[in-house]
Amino acid sequence: MLDLAAIRENPDAIREGARRKRIAFDVDRLLALDEDRRRLIRLQEEARAEQKALGRQVKDLQGDAQQLALTRLKVLKDDVLRHTDALAPVQAEIDALLLACPNPPDPDVPDGDDDKANVEVRRHGEPPTFDFEPLDHVELLRRLDGVDIERAGRLAGSRSYVLKGEAAFLEQAVLRLAMDVIRDRGFTLLTVPVVVKEWALRGTAYFPGAEEQTYKIANPTAEDEDSWLVGTSEVSVTALHAGEILDVKDLPLRYAGWSPCFRREAGTYGKDTRGLYRVHQFNKVEQVVIDVADEQKTLDHHAAIVANAEHMLQLLELPYRVMATASGDIGRAATFKYDLEAWMPSRGAYGETHTASRFRDYQARRMDLRYRDEDGRVRHCYTLNNTVIATPRVLIALLEVHQQKDGSIRIPAALRPHLGGREVLEPKS
RNA sequence: GGAGAGGUGGCCGAGCGGUCGAAGGCGCGCGCUUGGAAAGCGCGUAUGCCCGAAAGGGCAUCGCAGGUUCAAAUCCUGUCCUCUCCGCCA
(Lines give C-alpha, C1' and ligand atoms only; values in the text may rest on other atoms or scores of the structure.)
Protein backbone atom coordinates (compact mmCIF):
# COMPACT_ATOMS: atom_id res chain seq x y z
CA MET A 1 0.00 0.00 0.00
CA LEU A 2 1.12 3.48 -0.79
CA ASP A 3 0.57 6.73 1.05
CA LEU A 4 -2.59 8.34 -0.25
CA ALA A 5 -1.19 11.81 0.32
CA ALA A 6 1.87 10.90 -1.70
CA ILE A 7 -0.29 9.59 -4.53
CA ARG A 8 -2.24 12.83 -4.43
CA GLU A 9 0.96 14.83 -4.73
CA ASN A 10 2.54 12.81 -7.48
CA PRO A 11 -0.03 10.77 -9.37
CA ASP A 12 2.15 10.55 -12.45
CA ALA A 13 4.66 8.38 -10.63
CA ILE A 14 1.87 5.92 -9.86
CA ARG A 15 0.56 5.97 -13.42
CA GLU A 16 4.03 5.33 -14.79
CA GLY A 17 4.72 2.60 -12.26
CA ALA A 18 1.48 0.79 -13.08
CA ARG A 19 2.22 1.11 -16.77
CA ARG A 20 5.67 -0.38 -16.36
CA LYS A 21 4.31 -3.25 -14.30
CA ARG A 22 1.57 -3.89 -16.86
CA ILE A 23 -1.04 -3.56 -14.16
CA ALA A 24 -4.22 -1.64 -14.90
CA PHE A 25 -4.86 0.95 -12.24
CA ASP A 26 -7.19 3.95 -12.32
CA VAL A 27 -5.35 6.72 -10.51
CA ASP A 28 -7.90 9.35 -11.49
CA ARG A 29 -10.69 7.36 -9.91
CA LEU A 30 -8.67 7.19 -6.71
CA LEU A 31 -8.00 10.92 -6.75
CA ALA A 32 -11.67 11.71 -7.30
CA LEU A 33 -12.65 9.47 -4.41
CA ASP A 34 -10.03 11.13 -2.24
CA GLU A 35 -11.58 14.54 -2.92
CA ASP A 36 -14.97 13.14 -2.02
CA ARG A 37 -13.64 11.57 1.09
CA ARG A 38 -12.05 14.74 2.38
CA ARG A 39 -15.16 16.76 1.65
CA LEU A 40 -17.34 14.32 3.57
CA ILE A 41 -14.91 14.11 6.47
CA ARG A 42 -14.94 17.87 6.73
CA LEU A 43 -18.74 18.01 6.79
CA GLN A 44 -18.98 15.18 9.25
CA GLU A 45 -16.43 16.65 11.60
CA GLU A 46 -17.98 20.09 11.53
CA ALA A 47 -21.35 18.65 12.48
CA ARG A 48 -19.83 16.53 15.20
CA ALA A 49 -17.84 19.44 16.62
CA GLU A 50 -21.03 21.47 16.97
CA GLN A 51 -22.81 18.46 18.40
CA LYS A 52 -20.16 17.99 21.05
CA ALA A 53 -20.00 21.66 21.97
CA LEU A 54 -23.75 22.05 22.25
CA GLY A 55 -24.15 18.71 23.97
CA ARG A 56 -21.89 19.84 26.75
CA GLN A 57 -24.16 22.79 27.45
CA VAL A 58 -27.47 21.00 27.26
CA LYS A 59 -27.69 19.85 30.85
CA ASP A 60 -27.14 23.37 32.14
CA LEU A 61 -29.96 24.77 30.04
CA GLN A 62 -33.53 25.04 31.24
CA GLY A 63 -36.96 24.83 29.67
CA ASP A 64 -37.38 26.19 26.16
CA ALA A 65 -33.67 26.82 25.69
CA GLN A 66 -32.96 23.20 26.46
CA GLN A 67 -35.70 22.01 24.15
CA LEU A 68 -34.32 24.19 21.39
CA ALA A 69 -30.85 22.76 21.94
CA LEU A 70 -32.13 19.21 21.91
CA THR A 71 -33.95 19.83 18.65
CA ARG A 72 -30.79 21.20 17.12
CA LEU A 73 -28.81 18.25 18.46
CA LYS A 74 -31.17 15.81 16.80
CA VAL A 75 -30.60 17.56 13.50
CA LEU A 76 -26.86 17.43 14.04
CA LYS A 77 -27.05 13.76 14.90
CA ASP A 78 -28.76 13.11 11.59
CA ASP A 79 -26.19 15.25 9.80
CA VAL A 80 -23.33 13.27 11.26
CA LEU A 81 -25.05 10.02 10.41
CA ARG A 82 -25.76 11.13 6.88
CA HIS A 83 -22.18 12.13 6.22
CA THR A 84 -20.84 9.01 7.86
CA ASP A 85 -23.08 6.85 5.71
CA ALA A 86 -22.02 8.74 2.63
CA LEU A 87 -18.38 8.32 3.56
CA ALA A 88 -18.49 4.56 4.09
CA PRO A 89 -18.70 3.41 0.46
CA VAL A 90 -16.20 6.04 -0.61
CA GLN A 91 -13.73 4.91 2.00
CA ALA A 92 -14.35 1.27 1.15
CA GLU A 93 -13.55 1.85 -2.49
CA ILE A 94 -10.47 3.85 -1.58
CA ASP A 95 -9.28 1.05 0.68
CA ALA A 96 -9.80 -1.51 -2.07
CA LEU A 97 -8.00 0.66 -4.61
CA LEU A 98 -5.10 1.28 -2.26
CA LEU A 99 -4.70 -2.44 -1.69
CA ALA A 100 -4.64 -2.93 -5.45
CA CYS A 101 -2.39 0.00 -6.27
CA PRO A 102 0.95 -1.28 -7.55
CA ASN A 103 4.18 -0.22 -5.94
CA PRO A 104 6.17 1.58 -8.66
CA PRO A 105 9.23 -0.41 -9.71
CA ASP A 106 12.69 0.97 -9.12
CA PRO A 107 14.39 2.60 -12.10
CA ASP A 108 16.83 -0.28 -12.48
CA VAL A 109 14.06 -2.84 -12.95
CA PRO A 110 14.33 -4.03 -16.55
CA ASP A 111 11.30 -3.12 -18.60
CA GLY A 112 9.36 -5.98 -20.15
CA ASP A 113 6.08 -7.87 -20.30
CA ASP A 114 7.01 -11.11 -18.56
CA ASP A 115 9.80 -13.40 -17.39
CA LYS A 116 11.19 -13.60 -20.91
CA ALA A 117 12.39 -10.06 -20.34
CA ASN A 118 14.27 -10.91 -17.15
CA VAL A 119 17.89 -9.87 -17.35
CA GLU A 120 20.83 -11.97 -16.25
CA VAL A 121 22.98 -10.01 -13.84
CA ARG A 122 25.69 -12.54 -13.16
CA ARG A 123 26.45 -16.20 -13.30
CA HIS A 124 28.44 -18.42 -11.00
CA GLY A 125 29.89 -21.81 -11.86
CA GLU A 126 29.48 -23.84 -15.02
CA PRO A 127 26.71 -26.31 -15.78
CA PRO A 128 28.32 -29.74 -15.51
CA THR A 129 28.98 -31.98 -18.47
CA PHE A 130 28.57 -35.70 -17.93
CA ASP A 131 30.51 -38.46 -19.64
CA PHE A 132 27.51 -40.69 -19.04
CA GLU A 133 23.78 -40.35 -19.52
CA PRO A 134 22.67 -38.29 -16.51
CA LEU A 135 19.46 -39.19 -14.71
CA ASP A 136 16.84 -36.85 -13.44
CA HIS A 137 16.23 -36.38 -9.74
CA VAL A 138 13.21 -38.66 -9.64
CA GLU A 139 15.17 -41.54 -11.07
CA LEU A 140 18.14 -40.78 -8.85
CA LEU A 141 15.92 -40.74 -5.80
CA ARG A 142 14.30 -44.01 -6.81
CA ARG A 143 17.70 -45.63 -6.99
CA LEU A 144 18.47 -44.29 -3.54
CA ASP A 145 15.12 -45.65 -2.41
CA GLY A 146 14.59 -42.06 -1.36
CA VAL A 147 11.18 -41.18 -2.68
CA ASP A 148 7.66 -42.52 -2.97
CA ILE A 149 5.59 -40.39 -5.26
CA GLU A 150 2.99 -43.01 -6.13
CA ARG A 151 1.82 -43.64 -2.60
CA ALA A 152 2.07 -39.97 -1.76
CA GLY A 153 -0.27 -39.27 -4.64
CA ARG A 154 -2.74 -41.81 -3.37
CA LEU A 155 -2.48 -40.34 0.10
CA ALA A 156 -2.52 -36.63 -0.69
CA GLY A 157 -3.15 -36.13 -4.38
CA SER A 158 -0.94 -34.90 -7.16
CA ARG A 159 2.13 -32.79 -6.49
CA SER A 160 2.76 -34.71 -3.30
CA TYR A 161 5.79 -36.73 -2.36
CA VAL A 162 7.31 -38.77 0.41
CA LEU A 163 11.00 -38.40 1.01
CA LYS A 164 12.48 -41.50 2.48
CA GLY A 165 15.57 -42.69 4.26
CA GLU A 166 18.80 -40.91 3.39
CA ALA A 167 17.00 -38.56 1.01
CA ALA A 168 14.87 -37.37 3.90
CA PHE A 169 18.01 -36.86 5.93
CA LEU A 170 19.55 -35.03 3.00
CA GLU A 171 16.64 -32.62 3.01
CA GLN A 172 17.06 -32.02 6.72
CA ALA A 173 20.80 -31.52 6.25
CA VAL A 174 20.21 -28.87 3.63
CA LEU A 175 17.73 -27.08 5.88
CA ARG A 176 20.02 -27.33 8.85
CA LEU A 177 22.93 -25.96 6.87
CA ALA A 178 20.76 -23.04 5.84
CA MET A 179 19.87 -22.32 9.44
CA ASP A 180 23.51 -22.45 10.46
CA VAL A 181 24.55 -20.17 7.63
CA ILE A 182 21.89 -17.61 8.31
CA ARG A 183 22.64 -17.59 12.02
CA ASP A 184 26.28 -16.90 11.20
CA ARG A 185 25.06 -13.95 9.14
CA GLY A 186 23.42 -12.45 12.20
CA PHE A 187 19.86 -13.54 11.66
CA THR A 188 17.60 -14.77 14.44
CA LEU A 189 15.90 -18.04 13.66
CA LEU A 190 12.15 -18.13 14.20
CA THR A 191 9.81 -21.05 13.94
CA VAL A 192 6.49 -19.45 13.20
CA PRO A 193 2.81 -20.25 12.80
CA VAL A 194 1.84 -21.53 9.38
CA VAL A 195 -1.85 -21.11 10.13
CA VAL A 196 -2.47 -17.39 10.13
CA LYS A 197 -5.23 -14.83 10.04
CA GLU A 198 -6.17 -13.24 6.79
CA TRP A 199 -4.77 -9.83 7.66
CA ALA A 200 -1.24 -11.23 7.67
CA LEU A 201 -1.66 -12.24 4.05
CA ARG A 202 -3.17 -8.89 3.22
CA GLY A 203 -0.35 -7.17 5.07
CA THR A 204 2.34 -8.93 3.10
CA ALA A 205 0.41 -8.11 -0.08
CA TYR A 206 -0.39 -11.69 -1.06
CA PHE A 207 -4.03 -10.76 -0.66
CA PRO A 208 -5.98 -9.64 -2.48
CA GLY A 209 -4.71 -11.69 -5.37
CA ALA A 210 -3.31 -15.00 -4.21
CA GLU A 211 -6.47 -16.40 -2.59
CA GLU A 212 -6.73 -19.16 -5.16
CA GLN A 213 -3.16 -20.23 -4.49
CA THR A 214 -3.69 -20.43 -0.75
CA TYR A 215 -5.21 -23.14 1.37
CA LYS A 216 -8.04 -21.88 3.48
CA ILE A 217 -8.88 -23.28 6.86
CA ALA A 218 -12.54 -22.56 7.32
CA ASN A 219 -13.64 -21.69 10.79
CA PRO A 220 -17.04 -23.33 11.28
CA THR A 221 -18.03 -21.37 14.37
CA ALA A 222 -16.71 -17.82 14.11
CA GLU A 223 -18.08 -15.41 11.57
CA ASP A 224 -15.13 -13.11 11.19
CA GLU A 225 -11.84 -14.34 9.88
CA ASP A 226 -10.96 -17.69 8.38
CA SER A 227 -7.41 -18.88 8.79
CA TRP A 228 -5.06 -19.66 5.97
CA LEU A 229 -1.98 -21.79 5.45
CA VAL A 230 1.01 -19.66 4.57
CA GLY A 231 2.82 -20.22 1.28
CA THR A 232 5.98 -18.92 2.91
CA SER A 233 7.08 -17.98 6.40
CA GLU A 234 7.68 -14.50 5.00
CA VAL A 235 4.03 -13.91 5.87
CA SER A 236 4.34 -14.87 9.52
CA VAL A 237 7.75 -13.33 10.05
CA THR A 238 7.06 -10.00 8.35
CA ALA A 239 3.72 -9.71 10.14
CA LEU A 240 5.19 -10.60 13.51
CA HIS A 241 5.53 -6.96 14.59
CA ALA A 242 2.47 -5.69 12.75
CA GLY A 243 0.73 -2.84 14.52
CA GLU A 244 3.80 -2.04 16.59
CA ILE A 245 5.92 1.05 16.78
CA LEU A 246 9.44 -0.26 17.01
CA ASP A 247 12.34 1.51 18.65
CA VAL A 248 14.91 2.57 16.09
CA LYS A 249 17.55 1.18 18.46
CA ASP A 250 16.20 -2.32 17.82
CA LEU A 251 16.51 -2.02 14.04
CA PRO A 252 17.32 -3.62 11.76
CA LEU A 253 15.51 -6.82 12.65
CA ARG A 254 17.08 -9.73 10.85
CA TYR A 255 14.90 -12.78 11.06
CA ALA A 256 15.05 -16.18 9.47
CA GLY A 257 11.80 -18.10 9.47
CA TRP A 258 11.69 -21.83 9.12
CA SER A 259 8.40 -23.39 8.15
CA PRO A 260 6.62 -25.77 5.90
CA CYS A 261 4.96 -23.89 3.04
CA PHE A 262 1.69 -24.69 1.34
CA ARG A 263 0.64 -23.74 -2.16
CA ARG A 264 -2.39 -24.89 -4.08
CA GLU A 265 -0.71 -24.37 -7.46
CA ALA A 266 -4.12 -23.88 -9.01
CA GLY A 267 -4.00 -23.27 -12.71
CA THR A 268 -0.66 -25.03 -13.16
CA TYR A 269 -2.12 -28.33 -14.36
CA GLY A 270 0.26 -30.00 -16.72
CA LYS A 271 3.10 -27.71 -15.77
CA ASP A 272 6.17 -29.14 -14.07
CA THR A 273 4.25 -32.28 -13.27
CA ARG A 274 7.22 -34.57 -12.94
CA GLY A 275 9.20 -34.72 -9.77
CA LEU A 276 9.73 -32.28 -6.97
CA TYR A 277 9.80 -28.96 -8.81
CA ARG A 278 6.26 -27.83 -8.14
CA VAL A 279 4.64 -29.32 -5.06
CA HIS A 280 1.87 -28.41 -2.65
CA GLN A 281 3.97 -28.64 0.48
CA PHE A 282 7.63 -27.88 0.97
CA ASN A 283 10.06 -26.61 3.56
CA LYS A 284 11.80 -23.30 3.50
CA VAL A 285 14.13 -21.15 5.49
CA GLU A 286 13.33 -17.55 4.64
CA GLN A 287 15.25 -14.39 5.50
CA VAL A 288 13.36 -11.22 6.35
CA VAL A 289 14.81 -7.81 7.13
CA ILE A 290 12.85 -5.03 8.77
CA ASP A 291 14.61 -1.69 8.97
CA VAL A 292 14.23 2.07 8.83
CA ALA A 293 12.90 3.90 5.79
CA ASP A 294 16.23 4.54 4.18
CA GLU A 295 16.87 3.89 0.53
CA GLN A 296 20.56 3.18 0.84
CA LYS A 297 20.11 0.87 3.80
CA THR A 298 17.45 -1.12 2.03
CA LEU A 299 19.73 -1.50 -0.99
CA ASP A 300 22.50 -2.70 1.29
CA HIS A 301 20.19 -5.20 2.97
CA HIS A 302 19.06 -6.42 -0.39
CA ALA A 303 22.63 -6.98 -1.51
CA ALA A 304 23.30 -8.79 1.76
CA ILE A 305 20.37 -11.19 1.57
CA VAL A 306 21.24 -11.98 -2.04
CA ALA A 307 24.81 -12.64 -0.95
CA ASN A 308 23.50 -14.97 1.75
CA ALA A 309 21.53 -16.94 -0.78
CA GLU A 310 24.46 -17.08 -3.18
CA HIS A 311 26.63 -18.31 -0.34
CA MET A 312 24.16 -21.13 0.22
CA LEU A 313 24.24 -22.15 -3.41
CA GLN A 314 28.01 -21.98 -3.40
CA LEU A 315 28.20 -24.20 -0.31
CA LEU A 316 25.98 -26.65 -2.13
CA GLU A 317 28.39 -26.33 -5.07
CA LEU A 318 25.63 -25.54 -7.50
CA PRO A 319 25.99 -23.45 -10.65
CA TYR A 320 23.51 -20.61 -10.64
CA ARG A 321 22.67 -17.28 -12.15
CA VAL A 322 21.11 -14.12 -10.79
CA MET A 323 18.25 -12.63 -12.74
CA ALA A 324 16.76 -9.16 -12.41
CA THR A 325 13.03 -9.65 -12.76
CA ALA A 326 11.31 -7.65 -15.50
CA SER A 327 8.77 -4.99 -14.62
CA GLY A 328 5.86 -7.01 -15.98
CA ASP A 329 6.86 -10.08 -13.97
CA ILE A 330 7.72 -8.52 -10.66
CA GLY A 331 4.24 -8.35 -9.19
CA ARG A 332 2.34 -5.61 -7.47
CA ALA A 333 4.25 -5.29 -4.23
CA ALA A 334 7.98 -5.38 -4.80
CA THR A 335 9.98 -2.45 -6.12
CA PHE A 336 12.74 -4.77 -7.23
CA LYS A 337 13.21 -8.49 -7.40
CA TYR A 338 16.06 -10.84 -8.11
CA ASP A 339 15.45 -14.47 -8.93
CA LEU A 340 18.28 -16.88 -8.23
CA GLU A 341 18.24 -19.88 -10.48
CA ALA A 342 20.24 -23.03 -9.97
CA TRP A 343 21.23 -25.28 -12.84
CA MET A 344 18.94 -28.28 -13.15
CA PRO A 345 20.36 -30.80 -15.63
CA SER A 346 17.07 -32.60 -16.26
CA ARG A 347 15.49 -29.33 -17.33
CA GLY A 348 18.55 -28.42 -19.32
CA ALA A 349 18.04 -25.01 -17.82
CA TYR A 350 18.30 -22.90 -14.75
CA GLY A 351 15.36 -23.25 -12.37
CA GLU A 352 14.24 -20.71 -9.82
CA THR A 353 15.31 -21.50 -6.28
CA HIS A 354 15.32 -18.08 -4.59
CA THR A 355 13.43 -14.83 -4.85
CA ALA A 356 14.87 -11.70 -3.26
CA SER A 357 12.43 -8.82 -3.02
CA ARG A 358 12.43 -5.38 -1.58
CA PHE A 359 9.26 -3.43 -0.91
CA ARG A 360 10.15 -0.10 0.67
CA ASP A 361 7.20 0.56 3.02
CA TYR A 362 4.58 -1.16 0.88
CA GLN A 363 4.12 -4.12 3.19
CA ALA A 364 4.72 -2.11 6.34
CA ARG A 365 1.91 0.30 5.52
CA ARG A 366 -0.49 -2.53 4.95
CA MET A 367 0.22 -4.05 8.32
CA ASP A 368 0.92 -0.86 10.19
CA LEU A 369 4.51 -1.75 10.99
CA ARG A 370 6.29 1.38 12.15
CA TYR A 371 9.22 2.71 14.10
CA ARG A 372 10.10 5.89 15.93
CA ASP A 373 13.20 7.52 14.53
CA GLU A 374 15.89 9.47 16.39
CA ASP A 375 13.84 12.66 16.12
CA GLY A 376 10.77 11.01 17.60
CA ARG A 377 9.01 10.83 14.27
CA VAL A 378 6.91 7.77 13.55
CA ARG A 379 7.53 6.23 10.16
CA HIS A 380 6.77 3.00 8.35
CA CYS A 381 9.52 0.43 8.15
CA TYR A 382 11.09 -0.89 4.98
CA THR A 383 10.91 -4.65 4.53
CA LEU A 384 12.76 -7.15 2.38
CA ASN A 385 12.94 -10.89 2.08
CA ASN A 386 14.69 -13.68 0.30
CA THR A 387 14.85 -17.43 0.40
CA VAL A 388 17.76 -19.00 2.22
CA ILE A 389 16.88 -22.45 1.02
CA ALA A 390 13.72 -24.18 -0.13
CA THR A 391 13.42 -27.94 -0.33
CA PRO A 392 12.73 -30.19 -2.06
CA ARG A 393 13.16 -27.97 -5.10
CA VAL A 394 16.85 -27.28 -4.48
CA LEU A 395 17.35 -31.04 -4.14
CA ILE A 396 16.64 -31.30 -7.85
CA ALA A 397 19.77 -29.33 -8.62
CA LEU A 398 21.71 -30.92 -5.79
CA LEU A 399 20.99 -34.50 -6.79
CA GLU A 400 21.28 -34.00 -10.53
CA VAL A 401 24.41 -31.87 -10.51
CA HIS A 402 26.27 -34.09 -8.07
CA GLN A 403 25.21 -37.43 -9.51
CA GLN A 404 27.90 -39.89 -10.52
CA LYS A 405 27.97 -42.56 -13.15
CA ASP A 406 26.86 -45.30 -10.78
CA GLY A 407 23.86 -43.32 -9.63
CA SER A 408 25.49 -42.28 -6.39
CA ILE A 409 25.36 -38.69 -5.18
CA ARG A 410 28.45 -36.82 -4.12
CA ILE A 411 27.74 -34.80 -1.00
CA PRO A 412 29.22 -31.28 -0.97
CA ALA A 413 31.64 -30.79 1.89
CA ALA A 414 29.45 -28.24 3.68
CA LEU A 415 26.64 -30.77 4.04
CA ARG A 416 28.72 -33.61 5.34
CA PRO A 417 28.72 -32.54 9.00
CA HIS A 418 24.93 -32.72 8.89
CA LEU A 419 25.00 -36.18 7.33
CA GLY A 420 27.23 -37.91 9.77
CA GLY A 421 30.29 -37.16 7.68
CA ARG A 422 29.06 -39.09 4.66
CA GLU A 423 30.62 -38.07 1.36
CA VAL A 424 28.43 -40.10 -0.95
CA LEU A 425 24.89 -41.42 -1.00
CA GLU A 426 24.92 -44.85 -2.58
CA PRO A 427 22.10 -46.21 -4.69
CA LYS A 428 20.36 -49.30 -3.40
CA SER A 429 19.54 -50.57 -6.88
C1' G B 1 -15.17 -29.61 25.72
C1' G B 2 -17.23 -27.51 30.80
C1' A B 3 -17.04 -23.46 34.78
C1' G B 4 -15.30 -18.72 36.13
C1' A B 5 -12.29 -13.90 35.88
C1' G B 6 -10.46 -10.10 32.93
C1' G B 7 -9.00 -6.88 28.55
C1' U B 8 -7.86 1.27 29.76
C1' G B 9 -1.75 5.07 27.39
C1' G B 10 5.60 2.27 27.06
C1' C B 11 4.28 -0.36 32.01
C1' C B 12 1.19 -0.58 36.62
C1' G B 13 -3.45 1.24 37.83
C1' A B 14 -8.09 4.71 38.75
C1' G B 15 -12.30 5.95 36.23
C1' C B 16 -20.81 8.89 39.20
C1' G B 17 -23.40 8.44 30.91
C1' G B 18 -21.46 14.71 29.61
C1' U B 19 -16.23 19.31 31.16
C1' C B 20 -12.18 11.95 30.23
C1' G B 21 -7.15 11.17 25.48
C1' A B 22 -8.44 9.66 30.14
C1' A B 23 -6.50 10.68 37.84
C1' G B 24 -2.24 8.67 40.32
C1' G B 25 2.30 6.00 40.09
C1' C B 26 6.47 3.95 37.31
C1' G B 27 9.46 4.55 33.15
C1' C B 28 11.44 7.94 29.56
C1' G B 29 13.06 13.13 27.81
C1' C B 30 14.47 18.23 28.92
C1' G B 31 15.63 21.80 32.66
C1' C B 32 16.90 23.38 37.78
C1' U B 33 19.96 21.64 41.70
C1' U B 34 25.29 19.18 42.36
C1' G B 35 32.40 19.04 42.24
C1' G B 36 29.94 14.62 39.94
C1' A B 37 25.90 11.41 40.79
C1' A B 38 21.58 10.03 43.54
C1' A B 39 17.52 12.21 45.81
C1' G B 40 14.44 16.42 45.20
C1' C B 41 11.77 20.11 42.25
C1' G B 42 9.58 21.94 37.48
C1' C B 43 8.02 20.97 32.55
C1' G B 44 7.07 17.47 28.86
C1' U B 45 5.87 12.42 27.26
C1' A B 46 -0.06 8.20 22.26
C1' U B 47 -1.62 7.33 17.20
C1' G B 48 -4.42 8.37 12.85
C1' C B 49 -7.15 11.71 10.01
C1' C B 50 -9.29 16.78 8.52
C1' C B 51 -8.43 22.29 7.99
C1' G B 52 -4.05 25.48 7.86
C1' A B 53 2.01 28.22 4.61
C1' A B 54 2.77 28.01 9.74
C1' A B 55 1.27 28.93 14.54
C1' G B 56 -2.64 26.50 15.75
C1' G B 57 -7.56 24.41 15.60
C1' G B 58 -10.90 20.21 14.93
C1' C B 59 -12.49 14.86 14.72
C1' A B 60 -11.63 9.82 16.01
C1' U B 61 -9.44 5.98 19.02
C1' C B 62 -10.06 2.95 26.42
C1' G B 63 -9.42 -5.43 22.59
C1' C B 64 -12.86 -5.58 18.10
C1' A B 65 -17.89 -5.01 15.91
C1' G B 66 -22.79 -3.51 16.55
C1' G B 67 -26.83 -1.23 19.69
C1' U B 68 -29.25 2.40 23.30
C1' U B 69 -28.62 7.98 23.96
C1' C B 70 -28.62 14.79 22.19
C1' A B 71 -24.01 12.52 24.50
C1' A B 72 -20.63 5.95 25.89
C1' A B 73 -14.08 4.05 28.62
C1' U B 74 -18.68 4.04 31.58
C1' C B 75 -25.24 0.83 29.81
C1' C B 76 -26.79 -3.57 26.30
C1' U B 77 -25.51 -7.55 22.58
C1' G B 78 -22.08 -10.27 19.87
C1' U B 79 -17.13 -11.53 19.01
C1' C B 80 -11.75 -12.09 19.62
C1' C B 81 -7.93 -12.63 23.01
C1' U B 82 -5.69 -13.55 27.95
C1' C B 83 -5.76 -15.91 32.76
C1' U B 84 -7.61 -19.70 36.58
C1' C B 85 -9.94 -24.49 37.62
C1' C B 86 -11.92 -29.32 35.66
C1' G B 87 -11.83 -32.82 31.58
C1' C B 88 -9.22 -34.58 27.22
C1' C B 89 -4.76 -34.88 24.48
C1' A B 90 0.66 -34.84 20.76
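For clarity, every value in this text was computed on a predicted model and none was experimentally measured. Lettering follows sequence order; numbering is per chain, from 1.
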Could you go through nucleotides 44-47 of chain B and list every protein N or O atom that sits under 3.5 Å from one of its N or O atoms, giving the distance for each pair?
from, atom 1, to, atom 2, distance (Å)
B:U47, OP1, A:R372, NH1, 2.5
B:U47, O3', A:R370, NH1, 2.9
B:U47, O2', A:R370, NH1, 3.3

task = Would you indicate what A:R8 reaches in the nucleic acid, counting non-hydrogen atoms under 4.0 angstrom: base, sugar-phosphate, or nothing?
result = sugar-phosphate

query = How is A:R39 classified with respect to the nucleic acid when contacts are heavy atoms under 4.0 Å: base, sugar-phosphate, or nothing?
reply = nothing

Work out how far the [atom1] atom of [N] is from that of [M], and round it to whole angstrom.
| N | M | atom1 | result |
| --- | --- | --- | --- |
| B:G6 | B:G63 | P | 14 Å |
| B:C81 | B:C76 | P | 23 Å |
| B:U77 | B:U68 | C1' | 11 Å |
| B:G44 | B:G7 | P | 30 Å |
| B:A60 | B:A72 | C1' | 14 Å |
| B:G29 | B:A38 | P | 11 Å |
| B:G21 | B:C59 | C1' | 13 Å |
| B:G48 | B:G10 | P | 12 Å |

request  = Name the residue closer to the 5' end of RNA chain B, choosing between A:R38 and A:L73 according to the nucleotide with the nearest heavy atom.
outcome  = A:R38

Short side-chain donor-acceptor distance under 3.5 Å, [Y] and [X]:
| X | Y | result |
| --- | --- | --- |
| A:K284 | A:S259 | no |
| A:E244 | A:H241 | yes |
| A:N308 | A:Q287 | yes |
| A:Y255 | A:E286 | no |
| A:Y382 | A:Q363 | no |
| A:S327 | A:R22 | yes |
| A:T325 | A:N118 | no |

Pairing check on [N]: which nucleotide meets the Watson-Crick or G-U wobble criteria with it, both distances under 3.5 Å?
| N | result |
| --- | --- |
| B:C30 | B:G42 |
| B:A73 | none |
| B:A3 | B:U84 |
| B:U68 | none |
| B:A22 | none |
| B:G35 | none |
| B:G48 | B:C59 |
| B:G9 | none |

key: A:R202 to A:F207, cation-pi by 6.0 Å centre distance and 45° axis angle   = no

Provide, to the nearest angstrom, the distance between the [atom1] atom belonging to [X] and the [atom2] atom belonging to [N].
| X | N | atom1 | atom2 | result |
| --- | --- | --- | --- | --- |
| A:D78 | B:A71 | CG | C1' | 14 Å |
| A:R37 | B:C49 | CZ | P | 8 Å |
| A:D250 | B:G10 | CG | C1' | 13 Å |
| A:Q51 | B:U69 | CD | P | 13 Å |
| A:W199 | B:U79 | CH2 | P | 22 Å |
| A:E244 | B:G9 | CD | P | 14 Å |
| A:D247 | B:G27 | CG | P | 18 Å |

key: side chain to side chain contact (heavy atoms under 4.5 Å, CB included) partner of A:H137, chosen from A:L395, A:L399, A:L398   = A:L399

key: OP1 or OP2 of B:C51 under 4.0 Å from side-chain N/O of A:R42   = yes

message = Across nucleotides 57-66 of chain B, 5' to 3', mark each nucleotide with B, S or - according to how protein heavy atoms within less than 4.0 Å reach it.
response = -BBS------

ask   = Between A:H302 and A:F336, does the ring centre distance come in under 6.0 Å?
value = yes

ask   = So, does A:R176 use its side chain to make a donor-acceptor pair with the main chain of A:L415 at under 3.5 Å?
value = no

